[in-house]
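What you see below is based on every heavy atom in this structure, not just the backbone, and it leaves out hydrogens, waters and symmetry mates. To find a chain, count down the sequence lines: A is the first, B the second, and so on, and within it residues start at 1. What you are looking at is a predicted structure, and each value in this text was computed from that prediction instead of being measured.
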Amino acid sequence: AQSVTQLDSHVSVSEGTPVLLRCNYSSSYSPSLFWYVQHPNKGLQLLLKYTSAATLVKGINGFEAEFKKSETSFHLTKPSAHMSDAAEYFCVVSAWMDSSYKLIFGSGTRLLVRP
Amino acid sequence: AAGVIQSPRHLIKEKRETATLKCYPIPRHDTVYWYQQGPGQDPQFLISFYEKMQSDKGSIPDRFSAQQFSDYHSELNMSSLELGDSALYFCASSTNTGREGETQYFGPGTRLLVL
């Protein structure tokens, strides 16, 4: 069965330092992967997605993620954190289940940005 | 750009009451999905519609029903509300159901509180 595992429930960084949010996936083939961000009391916003094109995917707000098949990882990075990046981040895989594709969410990583 | 619209944004009901949540997809999107996100949880898929027909069903309680109308908007009807139904309900829309990698665009959510 396909799944995603977000390795950290909370990540805390200082403003201006790099961000790394880790995600590992489990799939029998090369899946479609997404990162969504959810700010407090807000909806889910798509940051970026991977669909078997370039392995390095650039998203909005300076975020990017690299698909590494050998490591079954799809980690999200940003060179320099901003206070506005504080939010919950979900790694998501599009999985074939019960005769259709469904989005399977990771458990989320809460990013805290210290001044 | 137009986004997914959900109404109401907040709703307070008492146990055993009914509630109706509405979702207006992005123009020209023909597929609508409903998700439930409990406190501290990741979103769980409830049900989806493609071209006004139910296309997929997840963990939607029998007390809930939904439909998609000719203008592609969707309504989630919830009856005999229970305390455990308190959650954030997301609607998402996309074009063409059943395709891997299809991006779902989420609305801001309706926060339901059952007292």
Near B:D62 CG, under 6.0 Å, is it more than 12 heavy atoms from other residues, nucleotides or ligands?
-> no
Heavy atoms of A:A81 and A:V19 approach each other most closely as CB-CG2, 3.5 Å
Interchain contact, A:K49 with chain B, by part (heavy-atom threshold 4.5 Å) | side chain
A:E88 versus chain B, heavy atoms under 4.5 Å apart: side chain, backbone, both or neither?
-> neither
Proximal component of A:L46, with respect to chain B [non-hydrogen, under 4.5 Å] | side chain
Exercise: do A:S14 and A:R114 side chains pair donor with acceptor under 3.5 Å | yes
May I ask you to say whether B:D85 pairs ionically with B:K13, meaning some side-chain N is under 4.0 Å from a carboxylate O?
-> no
Go through the atoms of A:F105 and report whether side chain, backbone, both or neither lie under 4.5 Å from a heavy atom of chain B.
-> both
Nearest heavy-atom pair of B:S93 and B:V4: which atoms, and what distance?
-> OG-CG2, 3.5 Å
Pick one of side chain, backbone, both or neither for A:Y36, based on which atoms fall under 4.5 Å of a heavy atom in chain B.
-> side chain
In terms of heavy-atom proximity below 4.5 Å to chain A, should B:Q104 be classed as side chain, backbone, both, or neither?
-> both
